[in-house]
Amino acid sequence: MAVNYNAKEEADGHPSGVGASGGAGKSRKPDNTAFKQQRLPAWQPILTAGTVLPAFFIIGLIFIPIGIGIFVTSNNIREYEIDYTGTDSSSPCNKCLNVSWNSTPPCTCTINFTLNQPFETNVFMYYGLSNFYQNHRRYVKSRDDSQLNGDNSSLLHPSKECEPYSTSENKPIAPCGAIANSMFNDTLELFRIDNETRIPITLNKKGIAWWTDKNVKFRNPSGNTNNLTALFQGTTKPVNWPKPVYMLDSEADNNGFINEDFIVWMRTAALPTFRKLYRLIERKNNLQPTLQAGKYSLDITYNYPVHSFDGRKRMILSTISWMGGKNPFLGIAYITVGSICFFLGVVLLVIHHKYGNRNTSADIPN
Amino acid sequence: RKPRPVRPLTHGCAGEENWVDNRTIYVGHREPPSGTEAYIPQRYPDNRIVSSKYTFWNFVPKNLFEQFRRIEMVRLFFVLQLIIDTPTSPVTSGLPLFFVITVTAIKQGYEDWLRHKADNAMNQCPVHFIQHGKLVRKQSRKLRVGDIVMVKEDETFPCDLIFLSSSRGDGTCFVTTTSLDGESSHKTYYAPDIYKFAGRINVYHDRNEPIARPLGSENLLLRGATLKNTERIFGVAIYTGMETKMALNYQSKSQKRSAVEKSMNVFLIVYLCILISKAVINTTLKYVWQSDPFRDEPWYNQKTESERKRNLILRAFTDFLAFMVLFNYIIPVSMYVTVEMQKFLGSYFLTWDEEMFDEDTGEGPLVNTSDLNEELGQVEYVFTDKTGTLTENNMEFIECCIEGHVYIPHVICNGQILRDCTGIDMIDSSPGGSGKEREELFFQALCLCHTVQVKEDDNIDGLKKAQLSRRSCVYISSSPDEVALVEGIQRLGYTYLRLKDNFMEILNPKNDIERFELLEMLSFDSVRRRMSVIVRSVAGDIFLFCKGADSSIFPRVTEGKIDQIRSRVERNAVEGLRTLCVAYKKFTRKEYDSVCKLLQNAKLALHDREKKLAEAYEQIEKDLILLGATAVEDQLQEKAADTIEALQKAGIKVWVLTGDKMETAAATCYACKLFRRNTQLLELTTKKIEEQSLHDVLFDLSKTVLKHSGSLTRDNFSGLSTDMQDYGLIIDGAALSLIMKPREDGSSDNYREHFLEICRNCSAVLCCRMAPLQKAQIVKLIKLSKEHPITLAIGDGANDVSMILEAHVGIGITGKEGRQAARNSDYAIPKFKHLKKMLLVHGHFYYVRISELVQYFFYKNVCFIFPQFLYQFFCGFSQQPLYDTAYLTLYNISFTSLPILLYSLMEQHVSTEMLKREPSLYRDIAKNALLRWRVFIYWTFLGLFDAVVFFFGAYFLFDNTTVTSNGQMFGNWTFGTLVFTVLVFTVTLKLALDTHYWTWINHFVIWGSLLFYIIFSLLWGGMIWPFLNYQRMYYVFMQMLSSGPAWLGIILLITVSLLPDVLKKVLCRQLWPTATERTQIMSRHCRDHTSEFTPLASLKNPRYRSNDCSNSPARRSNSHSKKRMFTHWKGNDYSILPSIFGYSNNRCNSSARYCYSGSGLETSV
């Protein structure tokens, strides 16, 4: 398959080819360079038990403490999760289970819960969906990044990747595509119940999306006016949305395509069970924990139907450490790998001592 | 001076095995006279030579077509992607394909450009030819059949010509065929198989009856040859352009494929099956999973109208194809291009090797095909020619024996011959008067019966010069034996001066010039094994002198001291000398006339001319009178014994195939250590078969051999040992043809099987009296035996070409017998000794490199694709790619391509010196050891394991939690990027772990690739790319790196993926080390403590010691001593390493003497 030097050979073979046979003499002698003679200076490591042993011990000694550190950190993270799908008939949200997109008035339900331990640092509020295939190929590609980046021509002529969510009533949809169309639209509100009074907890809706997404990747269409309604002129809302994209929020810097809830939703999750950041609860002062231990209630405006595909909806409250949310996997994995390495190191040491000298000594004659 | 053959008609018939063509050509395009045979004008091609494959116009389509035939699989996908809705964009799989195709096209285009350049140079060189009676100068390509062409001295012939007339008075011309076959002789010697040509010329004088003259190869001037010593000649073009012999010869070269390539293709098929089964599994699961409608089409993810309407079967089929497209990377397209580049570039190391450059000839190794580089590391059988390969082919005249009296040219004092009588008891030392006459005849015979030419200088008369100093005139011949003989005879007083006007001139010891008219020359061929001349002396006596192999002369001799000469010949043969016998015959005038007629008839025959000539020769060369015999010594090539011994230690069986007689060949085999003193020789020769039947002989031999076969196989593992009995087989051509001949009862394989069984158990085999085709037959027999061993044939002459072409690897020696062998070989080396480095070092390296390359490529693509497969289980079997398009595209092209390419060029797992010193390391890679199924499965499972680690590592890391310190979530592209990052690092570091030879280039490429990956990812995610319609990678990589757990996860996953491989390496090395691994450790110890040099050879196996002793090069002495088998030892060579072998020089000497007495048993000194 590889090279046949026919070209060279035939060129030499022609009578006109000069010096086909010897006579060129010394000039044909190959250069005595280290590269051509394959004598480049080189480091020649060999993986032997002797060299690998210390590496195993070092890996063991480094990994185990790291693992323990991560494990402890992970365990210190407070996390509270509520499944509010309402599949269970006793659940307050059971009545909303078969909700449809456009039910008016929206179905609401309230779930009470108790936090046994205070959440000291900033608390992050997530919504979680299960059995929702955001990573389905048809779903992932069903978006138009140019449109979302504020390209005016794409706004009116969405990419055909958005099919069948690119036009409705002969008007282009903005934002087009299945992802946008199926945006999560439950509203979650959190109250602390203090002596039967419901104290609303401030939920910060900014800072939940990547900074780069919010400021670079997603942009509203450009035009002479700041009026989003005018800018989105000629487009229509996604089929499932109750209101158009320019009415997502009252604040101008969180409206249209740069609405953070929208941006978060548009980053498709890797796995069918996922969570997305919903709101931030910032710590107000240093004296009080962000969320004290006690009773809370969650008000849900239940719009998002998941029962049809056997899905689940959750609300998660979590604190965050330097390594993110609660995830015991990494710590355990580090400890395990570290221990295995250490163990292997010991095994190798034994083998090295028992058999190691045999190889070197047995062959030396006499 | 224009040639005026009036209306001549050339009727040519050139036959090559299956290619017969008759043509009638009218010289100078004249009309034939009426009444002759009906003339149908034929169209012949013009004289354009086209060796190039492509033209400017058809390059792109034709090249693409040829390439696509090879990579059909991928092309299929590419086409599919344009048609169906696929998970990856066409660019993704198109770009690597495009890259592969472009690189290949550029390479092929460059090669073709070279061919075009050469063609143009050829086609446009000016040629003189006659048109309408005038001399015109035109471009060579405009030449047509029938044109009369003029060629001046030192010009090459532009096409195949029939020689018409010459500026020399005698109507001859001299031609050198250097560029055709490399022979530098000034004559046209045509090997019968290639230059077969028969023809007849009819000359019409006005209206007279045509006169027929024979045309033979001596009238045919071939394209490519050069005119010498002749001012100008005229000839008529008969074959032009692509029909010339030269052009025809270029085309017939079959492709050889290496064992590595074969296993590569098998692996590819396995992977193809894996690919298809993956796609089938996923498609099936997809439809099982989708059977719930809410899964197939949930409310948030509706299908388009057209998708919904599609028929189920069609949908399933497109899904299957889409999965195929998604997983097609598992069939590494870029492997082809990498393997190709590796072979192409790697072969330069061979040509660059200084140690393989021969200072004497100024030539280094030549690589004619790089396809077989790695096959050099797999050789199990070496078939070597003797003359010119094992021996120097530097002939020296040793002695001649006339009527039983021995003459030795060395012992010449003052121009007088001193008869050497001492030590020759069988010869009566007083020749009578008839003896004197015979002696003169003998010398005359040697002076006349040859095809040697004298190279003349233009200015000085050759005669004068020869008289000034006897050595000054240079003899040239295609056969070095003849030169040696003529030179030897010169030292005995008879000097051949020249051939002038058909008269041969001889200067006899009395300084008289004797002239003989050369009447006929019955040229040499390998079937007759003799040649004759018929000459007329000044006195008018007509003699036939015949010279040839003893076996072909003795049966035709009726007179002479046959017994004495025969014993002398046999004795010389035992000493390894090449012997020739000389006989003569005197013709009467009448006898000569009949002989003449016989020959003329045979020569004029158009059909079966060869056969008829042979019959005529047979009739003429009989009833001869034996004159004497000559002995010529052919020195062993430098380090031939060392090389053969190293090859045998490397587990390679060395067979010597020679046309020489048994005794000569056997002596050479002893000298070059093929047979040792303890080798028990088994003979399977005509003589033995005459005594017993072939069946019995074979049966006996196999019984003898098999008795020890059990111990022999063990011996194969532990290296050659002295206390084991090893066998050497000698077989001759006649016996072989009996074995090969199918038996009447149809059980033809029976003998062959027996024969093969015997051969398998012999450490060395010598086949003598072989015809060229038999050599190829033997090679084929072994090649097709049930183990399918890899064979290598090495030779230097035209008679070795057939076996060179037949063997898996053909090696030519660019020696003295012309370039035929080198031209037809796959590799050409200047000397036999270079074979050692070529196989043991280069071959070993090439094999290790390419097998790692192949395995690694499959491994890295399993690692690459298997996570995608796993991902399908988590994305509803929707063919969602895990990685971004750019990563899919560039993974094989840029992120992981260069490290493995450079590895496969630079890797030296053991140092060059060590490989040379330890030939047995070659056994470690024998039988395609690094590409066995076990190894392949290990690599595949390693790849699967790694892929599982990558995927599930990332899965659990990302599982329903956040990994950033600001609580924000990552999406699917971050997930893929994390897997991909781990993948790139693991795969590259895995290669780093396998690298044993870290030059700065390896460092640069390995770390450079990783750095490139990082920089590329930063750039790729660093901005909104305006030309892309998606921005999914925007800031994904940076965001990932900003997360601590991602870092920790990457480190952890890389460690876990590499761990099993490291563990396996260390444990295997510790518990079951191979010889290679021991050597690596040893050499490291050596480097560590240079003061305490560990003797490796003896380390490995103490029993080597005794063999190493005989390692010293034994050289045949060419001194005046009669002890020709005397071997002297270069003790000094090895005295620097006394500690290696652990014995003193004393002991070596003693064993040397022992060796001598062993091998010299037959010398009867």
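Chain letters run A, B, ... following the sequence lines, proteins first and then strands; every chain starts at 1. Owing to the predicted nature of the structure, the values given are computational and were not obtained by experimental measurement.
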Under 4.5 Å heavy-atom distance to chain B, tell me which part of A/Leu148 shows up: side chain, backbone, both or neither. neither
A/Met323 side chain reached by B/Val963 side chain, heavy atoms, under 4.5 Å: no
Has the side chain of B/Tyr1035 got a donor or acceptor atom that lies under 3.5 Å from a matching backbone atom of A/Trp211? no
Under the criterion ring-ring contact (aromatic ring centres under 6.0 Å, His included), which of A/Tyr165, A/Phe309, A/Phe184 is the partner of B/Tyr300? A/Phe309
Where on B/Phe877 is there a heavy atom nearer than 4.5 Å to chain A: the side chain, the backbone, both, or neither? neither
Side chain, backbone, both or neither: which part of B/Thr1055 has a non-hydrogen atom closer than 4.5 Å to chain A? side chain
Dump the intermediate steps for side chain to side chain contact (heavy atoms under 4.5 Å, CB included) on B/Leu1059 and A/Cys341, then the final yes or no. CA-CA 9 Å; B/Leu1059 201 59; A/Cys341 278; 4.0 Å; yes
B/Leu882 versus chain A, the contacting section by heavy-atom distance below 4.5 Å: neither
Given a strict heavy-atom distance threshold of 4.5 Å, which part of A/Ala269 is in contact with chain B: side chain, backbone, both, or neither? backbone
Determine, step by step, whether A/Phe63 and B/Leu1052 satisfy the side chain to side chain contact (heavy atoms under 4.5 Å, CB included) criterion, reporting the C-alpha distance in whole Å, the side-chain angles of both residues, the deciding distance to 0.1 Å, and the verdict. CA-CA 9 Å; A/Phe63 273 29; B/Leu1052 177 81; 3.9 Å; yes
Run the numbers on A/Asn135 and B/Phe975 for side chain to side chain contact (heavy atoms under 4.5 Å, CB included), then give the verdict. CA-CA 11 Å; A/Asn135 57 5; B/Phe975 181 77; over 6 Å; no
Interface moiety of B/Leu905 toward chain A, non-hydrogen atoms closer than 4.5 Å: backbone
With respect to chain A, which residue among B/Asn301, B/Thr999, B/Val1066 yields the maximal number of heavy-atom pairs within a distance under 4.5 Å? B/Asn301
Heavy-atom distances under 4.5 Å only: say whether A/Lys217 touches chain B with side chain, backbone, both or neither. both
Which heavy atom of B/Arg1069 sits nearest a heavy atom of A/Leu47, and at what distance? NE-O, 3.0 Å
Identify which part of A/Arg39 has an atom lying under 4.5 Å from any heavy atom of chain B, answering side chain, backbone, both or neither. both
Taking side chain as everything from C-beta outward and backbone as N, CA, C, O, which of these in B/Gln908 sits under 4.5 Å from a heavy atom of chain A? Side chain, backbone, both or neither. side chain
Which of the residues A/Thr273, A/Leu271, A/Val52 is involved in the greatest number of heavy-atom pairs with chain B at under 4.5 angstrom? A/Leu271
Is it the backbone or the side chain of B/Thr304 that comes under 4.5 Å from a heavy atom of chain A, or both, or neither? both
Examine distances only and state if a side-chain atom of B/Trp299 and a backbone atom of A/Pro305 form a donor-acceptor pair shorter than 3.5 Å. yes
Tell me the closest heavy-atom pair linking A/Pro272 and B/Phe874, and the distance in Å. CD-O, 3.1 Å
May I ask you to name which of B/Trp973, B/Phe294, B/Tyr997, B/Trp352 has the most heavy-atom pairs under 4.5 Å with chain A? B/Trp352
Test item: B/Asn972 and A/Phe274 side chains (from C-beta on) under 4.5 Å apart, heavy atoms: no
In this structure, are over 12 heavy atoms from other groups packed under 6.0 Å from B/Trp1000 atom CH2? no
Heavy-atom proximity to chain B below 4.5 Å, by part of A/Asn149: side chain
Nearest heavy-atom pair of B/Tyr1034 and A/Arg267: which atoms, and what distance? O-NH2, 4.2 Å
Treating B/Gln968 as the side-chain partner and A/Gly207 as the backbone partner, does any N or O pair qualify as donor plus acceptor under 3.5 Å? yes
Within the distance-only criterion (no hydrogens, no angle test), does the side chain of B/Tyr871 pair as donor or acceptor with the backbone N or O of A/Ala270 below 3.5 angstrom? yes
Report the option among A/Trp322, A/Phe124, A/Phe132 that has the most heavy-atom pairs separated by less than 4.5 Å from atoms of chain B. A/Phe132
Just by modelled atom types, is the A/Pro164 backbone N or O under 3.5 Å from a matching donor or acceptor in the B/Gln302 side chain? no
Would you mind telling me which of A/Asp31, A/Thr51, A/Asn181, A/Asn32 has the largest number of heavy-atom pairs within less than 4.5 Å of chain B? A/Asn32
Max heavy-atom pairs within cutoff under 4.5 Å with chain B, candidates A/Ser146, A/Ser159, A/Ala209, goes to A/Ala209
Region of A/Pro41 that comes under 4.5 Å of a non-hydrogen atom in chain B: backbone
Looking only at heavy atoms and a cut-off of under 4.5 Å, which of B/Gly1044, B/Pro1045, B/Ala1046 has the most pairs with chain A? B/Pro1045
Select one option (side chain, backbone, both, neither) describing which atoms of A/Ala55 are under 4.5 Å from chain B's heavy atoms. neither
Checking heavy atoms, do the side chain of A/Ile316, its backbone, both or neither come under 4.5 Å from chain B? neither
Could you tell me whether a side-chain N or O of B/Thr961 sits under 3.5 Å from a main-chain N or O of A/Lys326, the two making a donor and an acceptor? yes
Less than 4.5 Å to any heavy atom of chain A: does that hold for the side chain of B/Asn966, its backbone, both, or neither? backbone
Looking at B/Leu957, is its backbone amide N or carbonyl O close enough to the side chain of A/Asn327 to form a donor-acceptor pair, meaning the two atoms are under 3.5 Å apart? yes
Contact class of A/Ser142 relative to chain B, heavy atoms under 4.5 angstrom: neither
Which portion of B/Leu1048 sits near chain A, non-hydrogen atoms under 4.5 angstrom: both
Contact origin within A/Tyr126 toward chain B - heavy atom pairs under 4.5 Å: side chain
Is a donor on one side and an acceptor on the other found under 3.5 Å between the side chain of A/Arg138 and the backbone of B/Ser878? no
Applying a strict 4.5 Å limit to non-hydrogen atoms, the region of B/Lys303 in contact with chain A is both
If we check side chain to side chain contact (heavy atoms under 4.5 Å, CB included) with B/Leu1063, which of these qualifies: A/Leu344, A/Ile340, A/Val347? A/Leu344
What is the minimum heavy-atom distance between A/Trp210 and B/Thr974, and which atoms define it? CH2-OG1, 4.0 Å
Can you tell me which portion of A/Ile179 sits under 4.5 Å from chain B's heavy atoms? Options are side chain, backbone, both or neither. neither
Check whether A/Ser321 gets within reach of chain B through its side chain, its backbone, both or neither, counting any heavy atom under 4.5 Å. backbone
Answer whether the closest heavy-atom distance between the side chains of B/Val1062 and A/Phe56 falls below 4.5 Å. yes
Checked B/Glu354, B/Lys117, B/Gln1031 vs chain A; the most non-hydrogen pairs under 4.5 Å come from B/Glu354
Considering all heavy atoms, the nearest B/His842-A/Gln38 contact: CE1-NE2, 3.7 Å
For B/His1003, is it the side chain, the backbone, both, or neither that has a heavy atom closer than 4.5 Å to a heavy atom of chain A? side chain
Would you mind checking which part of A/Ile320 comes under 4.5 Å of any heavy atom in chain B, side chain (CB onward), backbone (N, CA, C, O), both or neither? side chain
Could you tell me which non-hydrogen atom of B/Gly967 sits nearest to which non-hydrogen atom of A/Leu277, and how far apart they are? O-CD2, 3.5 Å
Would B/Leu1067 and A/Leu348 satisfy side chain to side chain contact (heavy atoms under 4.5 Å, CB included), going step by step from the backbone distance to the final call? CA-CA 8 Å; B/Leu1067 283 180; A/Leu348 278 183; 3.7 Å; yes
With only heavy atoms counted, which part of A/Phe218 is less than 4.5 Å from chain B, the side chain, the backbone, both or neither? neither
